[in-house]
Amino acid sequence: MFNPENLIRKGLPKGHFKDLVVRFVLAGLTYVVVLIAALLFAKIIMDGAPVLFKAKAPFVDFEFLTAKNETLHVFDDAQGNRHQLPASRYNDYLAKYEGAPIFNEQTYSYSGGGIAGPIVGTALLTIGSMVLALFFGVAAAIYLSEYAKQSPFIHAIRLAILNLAGIPSIVFGLFGFSVFVLAVPVITPTPSDRSLLTIPLHINHYVMSFQGWNSSLMAGCATLACMILPVIITASEESLRAVPQGFRDASLAMGATRWQTIRKCVLPFSLPGILTSSLLAITRVAGETAPIMFTAAVAAKDDLPWQGLKSPFDILSSQVQALPYHIYTLAARIPSSEYTRRAQYGSVFVFLLLVASLSVGSMILRAKLRSKLKW
Amino acid sequence: MIERLNPSSKDISIAVKDLDFSYGSSPVLKNIQLDIPENGVTSFIGPSGCGKSTLLRCINRMNDEIPSARITRGDIEIGGVNIYDSSVDVVKLRRDVGMVFQKSNPFPRSIYENVAYGLRLRGERDKAVLDQSVEQALHSAALWDEVKDRLQESALGLSGGQQQRLCIARAIAVKPRVVLMDEPCSALDPIATAKVEELIWDLKHAYTFVIVTHNMQQASRVSDKTAFFYMGEVIEFSDTSRMFSNPRFRKTEEYITGRFG
Ligand SMILES: Nc1ncnc2c1ncn2[C@@H]1O[C@H](COP(=O)(O)OP(=O)(O)OP(=O)(O)O)[C@@H](O)[C@H]1O
Ligand SMILES: [Mg+2]
């Protein structure tokens with residue numbers, strides 16, 4: 001018999017006590033995570049934002065973004081004024097006040113000037129590796145999902161690709177070093193001494209020399225592309241599979257070849273998905289230090305990436321600075337002091353801003369395309 | 001190689017000879033023998049899952065796309081050419097043997113682009129020719145009046161029945177010789193159904209139609225011949241008027257009078 005009085009609680013809510021505890025613990029754990037993230041961001045923003053943003057117009061310190069990275073000289077002049085000058089302006093100062101006495105001089109590597117070099121280097125590495133990874137990744141995904149018979153062999157390949165995604169990036173770095181930096185073939189008239197193998201081509205003394213690309217933008221892009229390929233292949237395959245079979249059937253039944261079908265009825269509808277997933281992959285490429293440490297990045301460079309090149313293609317074989325590696329250098333390779341903080345927190349802040357805008361951008365793009373492409 | 005059957009070439013009859021078919025190891029069609037006459041309408045009827053769609057997809061080799069699908073015995077000839085012969089180009093075959101699927105599947109493009117798709121595949125670039133073919137196909141599929149002012153809008157904005165007629169228009173826009181239709185009217189209201197049947201009537205002198213339908217009235221209205229499928233076999237295949245007035249087998253009679261199925 002239903003008795004309404006049973007519904008009335010008597011005394012403490014005993015049965016609900018456990019529920020409350022569980023709820024508290026879970027909520028507590030969640031807020032701990034949020035708190036850690038909040039503290040991290042707060043610290044970076046508090047120390048980094050003032051480097052980039054100014055109270056006076058134009059409100060942004062463009063010099064920090066556009067000047068090259070230099071050693072910082074800190075010294076007192078005869079009047080006791082403290083100067084902080086990057087190397088080039090320090091030299092100007094010396095030339096201008098020739099013979100003027102300088103006191104308490106200290107130098108801080110990498111801490112002066114701006115971070116144009118690392119920004120452009122990271123941009124080049126990211127663009128280059130994404131172009132490579134998209135080309136190979138989409139091709140592989142098309143083969144795997146549209147052409148290959150679903151045999152055990154293909155399943156094994158797919159599994160291998162998935163596993164590749166879990167390999168630590170430092171392993172890719174070492175792989176890239178031993179393959180792209182030291183071993184891949186180049187065609188040159190003057191092979192290096194450490195060439196693993198040279199094959200004469202009988203054209204004007206040119207030989208194919210397995211000597212690698214040295215540490216260079218090219219080698220770094222190739223290494224980063226290898227690292228991100230599994231992600232791109234998997235995401236692309238997913239996007240291809242999301243296209244309804246009916247589209248393919250309809251197209252094939254009208255006498256389209258397989259390639260025509262893929263080009264007109266599959267790729268156009270999966271491309272937005274492929275691109276948005278790839279945008280998320282970009283944040284990973286832009287942020288990794290390990291793969292480029294041995295293959296492309298340098299701590300210091302006298303010129304900005306586009307300066308001092310004989311031909312535009314030389315940029316491919318030159319080393320670059322990169323933001324994540326720059327941050328590592330600033331944090332781990334120089335003694336920290338009040339004069340290095342500007343470069344340190346400024347770089348981290350810019351980097352954070354960059355990655356955040358990339359991921360927010362991809363989220364917006366994804367939402368927009370999702371609502372547009374429905375079937 | 002099968003040549004493109006031109007409108008004057010007479011023979012577009014379909015002969016299914018001793019066909020056995022299976023998906024993986026499970027047989028679906030057993031010993032199918034059918035002589036489908038040209039320039040007429042043949043309908044396939046039978047309970048769900050008996051293999052009507054499967055046989056239909058064999059006729060334009062769409063089953064090639066299903067890895068487990070296998071013809072274990074027999075073959076199919078169109079106009080005397082064995083379409084499963086290794087010298088047959090399936091791309092050319094499918095240009096002559098069009099298909100409307102059980103599930104309507106318009107592309108998420110404009111209505112115009114959907115109908116023009118097949119023509120563009122064949123390299124047609126002339127805007128005037130495209131416009132004219134699109135309009136004609138939409139007229140034939142009884143859709144023109146409803147969409148003539150919104151040709152550039154997405155096909156996905158159409159109702160289910162309109163989408164199905166769009167798929168019919170898309171299939172006939174390229175003027176195939178054989179048209180396979182898998183339950184083309186299952187999502188249509190009686191008026192649209194009547195329009196599609198009218199279209200079949202109008203075109204059947206030049207095409208060979210094969211229609212799968214669950215609608216007995218439709219089968220009796222539009223088709224010249226009817227094949228009754230049951231559990232992967234053709235139980236009865238004869239002139240429609242004869243089958244509906246005087247079926248030879250008990251099973252056929254039970255099915256067409258609605259006692260099972
Ligand atoms: N791709 C497939 N793989 C394996 N089995 C299949 C596949 N497609 C269909 N079948 C099986 O083959 C049999 C015949 O299917 P088919 O689609 O030809 O039936 P149908 O007569 O068209 O039925 P309906 O009237 O419901 O459309 C069914 O038992 C079905 O489960
Ligand atoms: Mg069916």
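Sequence lines set the chain letters: A, B, ... in the order given, protein chains first and strands last, and positions in each chain run from 1.
In this structure, chain B has no heavy atom under 4.5 Å from any part of A/R248. Residue B/V97 touches chain A through its backbone alone, counting heavy-atom pairs closer than 4.5 Å.
Among the residues in residues 51-65 of chain B, those with a non-hydrogen atom closer than 4.5 angstrom to a non-hydrogen atom of chain A are B/R57, B/N60, B/M62, B/E65. Within residues 131-138 of chain B, no residue has any heavy atom closer than 4.5 Å to a heavy atom of chain A.
A distance of 7.5 Å separates OG1 in A/T261 from CG in B/L121, rounded to the nearest 0.5 Å. Annotation: the span from A/Q245 atom CD to B/F101 atom CZ amounts to 9.0 Å, rounded to 0.5 Å. Rounding to the nearest 0.5 angstrom, the gap separating the CZ atom in B/R170 from the OG atom in A/S251 is 8.5 Å.
The minimum heavy-atom distance linking A/A253 with B/M99 is given by the pair CB-CB, 4.1 Å. The minimum heavy-atom distance linking A/G246 with B/N105 is given by the pair O-ND2, 3.0 Å.
Residues A/M254 and B/P176 are not in side-chain contact: their nearest non-hydrogen atoms beyond the backbone lie 4.5 Å or more apart. Side-chain contact between A/K264 and B/E113: absent, with no pair of heavy atoms (C-beta onward) separated by less than 4.5 Å. Two residues are said to be in side-chain contact when any heavy atoms from C-beta on lie closer than 4.5 Å; A/F247 and B/P108 meet this criterion.
No more than 12 heavy atoms of other residues, nucleotides or ligands shown are found within 6.0 angstrom of CZ on A/F136. Around atom NZ of B/K103, no more than 12 heavy atoms belonging to other residues, nucleotides or ligands sit under 6.0 Å away. Annotation for A/Y147: atom OH counts as buried by contact number, over 12 foreign heavy atoms lying within 6.0 Å.
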